[in-house]
Amino acid sequence: MQTLAPLRPVPAAEVDPTDVGQLVREDRVHARVYTDPAIFDMEMERIFERAWIFMAHESQIPNAGDFLTSRIGRHPVIVVRDGKRQVHVLYNRCPHRGAILCREAEGNVHHFACPYHGWSFRTNGDITGIPFRSAYPESFLKDENLSMAHVARVENYRGFIFASVAEQGPSLVEFIGPLKDGLDNLLDRSPTGEIDVSAGVHQYAYKGNWKMQMENGLDEYHPPFSHASTVKPDGQQVQRSYGAKGGFKVLTGSDPNQENARSHYDHGEVHGARHGQAYLTIPDATRRSELDDPEYRRLLVERHGQEKALALIESSNMSNAVFYPSVIMRVTGNMHIRVVRPVSVGLTEVLVWPIQIKGVADGINQGIVRYANVHVSVSSFVQTDDLEIFERVYEGLQAGKPDWVMLARGMGQDWDGPYPDEKVGLATWETGMRAQFRYWKEQMTEDRR
């Protein structure tokens with residue numbers, strides 16, 4: 001797996017935060033928010049350097065010395081478990097002359113060594129070796145800044161590791177708000193209360209802005225059009241992937257072109273809350289679930305009791321949980337973690353890890369991985385549609401007119417949810433996207449001097 005190097009866009013005129021605020025209205029946003037390199041630069045500072053960014057699940061680094069490399073906006077970082085099994089998020093930079101220490105996407109090490117001048121560091125970031133050290137003054141060798149720098153804040157919620165480069169800010173649980181319930185639901189659906197994210201990763205990039213993927217995770221308006229070959233009544237794409245007709249229950253219903261027809265895709269809800277956090281609730285009956293297995297149900301009843309087990313399996317649980325600004329998690333059915341990494345204003349990297357459930361039959365987890373391959377991989381029947389759309393949108397936005405991208409679907413019709421500042425709408429409404437842009441505007445215009 002090769003990580004794309006961050007690309008600096010051609011410098012544009014400095015953007016006044018006051019002017020940026022004029023680019024977001026309640027029912028629309030200006031095309032510049034997706035295409036302007038100067039706005040992208042501001043996002044890296046004001047969005048990604050203030051938020052909690054998903055780093056890894058602890059099952060990806062189970063042993064001492066296990067590591068993953070990642071990014072927080074433009075900051076390269078290493079997520080590593082040290083010899084005492086403590087997890088650290090370290091800046092991936094040698095304190096000597098600034099070289100990247102580790103290029104590998106993942107692995108296991110006893111220490112990190114700089115390829116430039118050979119300085120070496122323990123897995124907790126402490127300096128452990130400086131070649132030819134006698135040439136340095138003794139006072140210099142006592143400088144605490146010779147060790148790798150730690151990212152300011154790291155929190156682990158039930159195995160999900162997030163980090164923030166901001167010294168101050170809301171706690172992780174406060175920041176993700178209602179999405180904590182989605183993580184709890186995901187883990188409670190395991191007979192052991194645990195998941196595993198070590199099955200491998202799909203990685204790809206598209207020529208488009210990072211927000212397109214984050215918005216798409218809340219968009220139930222597009223499937224009958226973008227994914228027609230899969231979801232229309234005679235669609236055969238996903239059915240063929242299982243080797244038999246009827247192997248996938250497609251969504252059918254109202255003619256999407258019928259005037260004023262309520263879309264069949266409005267069978268669920270979309271929620272938008274503080275800090276841009278948003279999610280879909282889609283009844284499991286409409287989505288393929290590898291967990292529809294009698295033995296799995298028995299184990300879940302054994303763990304939780306009949307009432308809670310049935311509620312976990314059969315209720316309209318949180319489906320897509322969109323942790324703004326960095327990750328989309330599918331917490332029911334086609335379970336996976338989808339990390340979104342901005343590279344430049346018009347280039348975005350996406351990494352997708354299937355989520356496997358501990359304590360269930362191997363066949364169930366194999367089905368989850370198989371489904372990820374046909375649904376969210378770069379060669380899948382569904383994700384390829386989305387990538388084509390992202391690139392079409394980015395290309396289309398280069399046109400000078402019209403100026404605005406519309407977000408008015410369901411506006412004025414959504415209702416209050418149970419969480420602070422939460423709004424709820426039908427699944428095809430743009431309620432969640434409006435919540436994302438409220439937070440975006442707040443962060444991009446806030447004066448913190």
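Keep in mind that the numbers below use all heavy atoms, side chains included, and drop hydrogens, waters and symmetry copies.
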Can you tell me if [X] uses its side chain to pair, donor with acceptor, with the backbone of [Y] under 3.5 Å?
{"X": "D66", "Y": "V80", "answer": "no"}
{"X": "T445", "Y": "G21", "answer": "no"}
{"X": "D27", "Y": "M406", "answer": "no"}
{"X": "Y206", "Y": "N209", "answer": "yes"}
{"X": "S226", "Y": "D385", "answer": "no"}
{"X": "R32", "Y": "V20", "answer": "no"}
{"X": "Q60", "Y": "H57", "answer": "yes"}
{"X": "S380", "Y": "H375", "answer": "yes"}
{"X": "R153", "Y": "G169", "answer": "yes"}

Centroid-centroid under 6.0 Å between W404 and H30 rings = yes
query = Can the ring centroids of Y324 and W210 be said to lie less than 6.0 angstrom from one another?
reply =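 Yes, the ring centres sit under 6.0 Å apart.
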Going from [atom1] on [X] to [atom2] on [Y], what distance comes out if it is rounded to the nearest 0.5 angstrom?
{"X": "N320", "Y": "N334", "atom1": "CG", "atom2": "CG", "value": "9.0 Å"}
{"X": "W52", "Y": "S164", "atom1": "CH2", "atom2": "OG", "value": "5.5 Å"}
{"X": "I337", "Y": "I355", "atom1": "CD1", "atom2": "CD1", "value": "4.0 Å"}
{"X": "K358", "Y": "E194", "atom1": "NZ", "atom2": "CD", "value": "4.5 Å"}
{"X": "L310", "Y": "L300", "atom1": "CG", "atom2": "CG", "value": "9.0 Å"}
{"X": "T332", "Y": "L312", "atom1": "OG1", "atom2": "CG", "value": "11.0 Å"}

Do you know which two heavy atoms are closest between [X] and [Y], and how far apart they sit?
{"X": "P354", "Y": "G200", "result": "CD-O, 3.3 Å"}
{"X": "C102", "Y": "N92", "result": "O-ND2, 2.8 Å"}
{"X": "H75", "Y": "E49", "result": "NE2-OE2, 2.9 Å"}
{"X": "Y221", "Y": "T428", "result": "CB-O, 3.7 Å"}
{"X": "V151", "Y": "A163", "result": "CG1-CB, 4.1 Å"}
{"X": "L218", "Y": "M433", "result": "CD1-N, 4.1 Å"}

Just checking, any donor-acceptor pair under 3.5 angstrom between side chains of [X] and [Y]?
{"X": "D386", "Y": "H227", "value": "yes"}
{"X": "D188", "Y": "H304", "value": "no"}
{"X": "Q436", "Y": "E215", "value": "no"}
{"X": "T431", "Y": "D414", "value": "yes"}
{"X": "R81", "Y": "T123", "value": "no"}
{"X": "R438", "Y": "Q443", "value": "no"}
{"X": "Y204", "Y": "Q383", "value": "yes"}
{"X": "W440", "Y": "E43", "value": "yes"}
{"X": "R303", "Y": "T192", "value": "no"}
{"X": "E58", "Y": "N156", "value": "yes"}
{"X": "R330", "Y": "S319", "value": "yes"}

Counting heavy atoms not belonging to [X], are there more than 12 under 6.0 Å from its [atom1]?
{"X": "E307", "atom1": "CD", "value": "no"}
{"X": "Q398", "atom1": "CD", "value": "yes"}
{"X": "N63", "atom1": "CG", "value": "yes"}
{"X": "R392", "atom1": "CZ", "value": "no"}
{"X": "E295", "atom1": "CD", "value": "yes"}

List the residues meeting ring-ring contact (aromatic ring centres under 6.0 Å, His included) with [X], not counting sequence neighbours, and say none if there are none.
{"X": "H271", "answer": "Y279"}
{"X": "H202", "answer": "none"}
{"X": "Y394", "answer": "none"}
{"X": "F112", "answer": "F67"}

ask   = Is a salt bridge present between R74 and D41, judged by a nitrogen-to-oxygen distance below 4.0 Å?
value =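 Looking at D41 together with R74, the answer is yes, because their closest N to O distance falls below 4.0 Å.
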ask   = Does E349 pair with R341 as a salt bridge, N-O distance under 4.0 Å?
value =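 Salt bridge: yes.
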inquiry  = Could you check whether R274 makes a cation-pi contact with Y439, meaning its NZ or CZ is under 6.0 Å from the centre of the six-membered ring and within 45° of the ring axis?
reply    = no
query = Relative to Y34, does K211 satisfy both conditions: NZ or CZ under 6.0 angstrom from the six-membered ring centre, and within 45 degrees of the ring's axis?
reply =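 K211 over Y34 ring: yes.
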message = My understanding is that only residues two or more places apart in sequence, or in another chain, count here; which of them pass side chain to side chain donor-acceptor pair (under 3.5 Å) with E391?
response =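 So E391 forms no side chain to side chain donor-acceptor pair (under 3.5 Å) with any residue.
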key: Pairing residues for E302 by the side chain to side chain donor-acceptor pair (under 3.5 Å) criterion, not counting sequence neighbours   =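 Applying side chain to side chain donor-acceptor pair (under 3.5 Å) to E302 gives R298.
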A side-chain contact here means heavy atoms from C-beta on lying under 4.5 Å apart; do [X] and [Y] qualify?
{"X": "F160", "Y": "L186", "value": "yes"}
{"X": "T69", "Y": "V77", "value": "no"}
{"X": "Q277", "Y": "F175", "value": "yes"}
{"X": "V270", "Y": "E220", "value": "no"}
{"X": "N365", "Y": "I357", "value": "yes"}
{"X": "I61", "Y": "V79", "value": "yes"}
{"X": "M318", "Y": "L280", "value": "no"}
{"X": "W429", "Y": "Q413", "value": "yes"}

side-chain contact (heavy atoms from CB on, under 4.5 Å) evaluation trace for N216 with H222 = CA-CA 9 Å; N216 186 257; H222 77 282; 3.5 Å; yes
key: Test side-chain contact (heavy atoms from CB on, under 4.5 Å) applied to F323 and L183, step by step   = CA-CA 11 Å; F323 295 75; L183 296 181; 3.8 Å; yes
message = side-chain contact (heavy atoms from CB on, under 4.5 Å) for T348 and V340? Distances and angles first, verdict last.
response = CA-CA 7 Å; T348 304; V340 180; 3.7 Å; yes
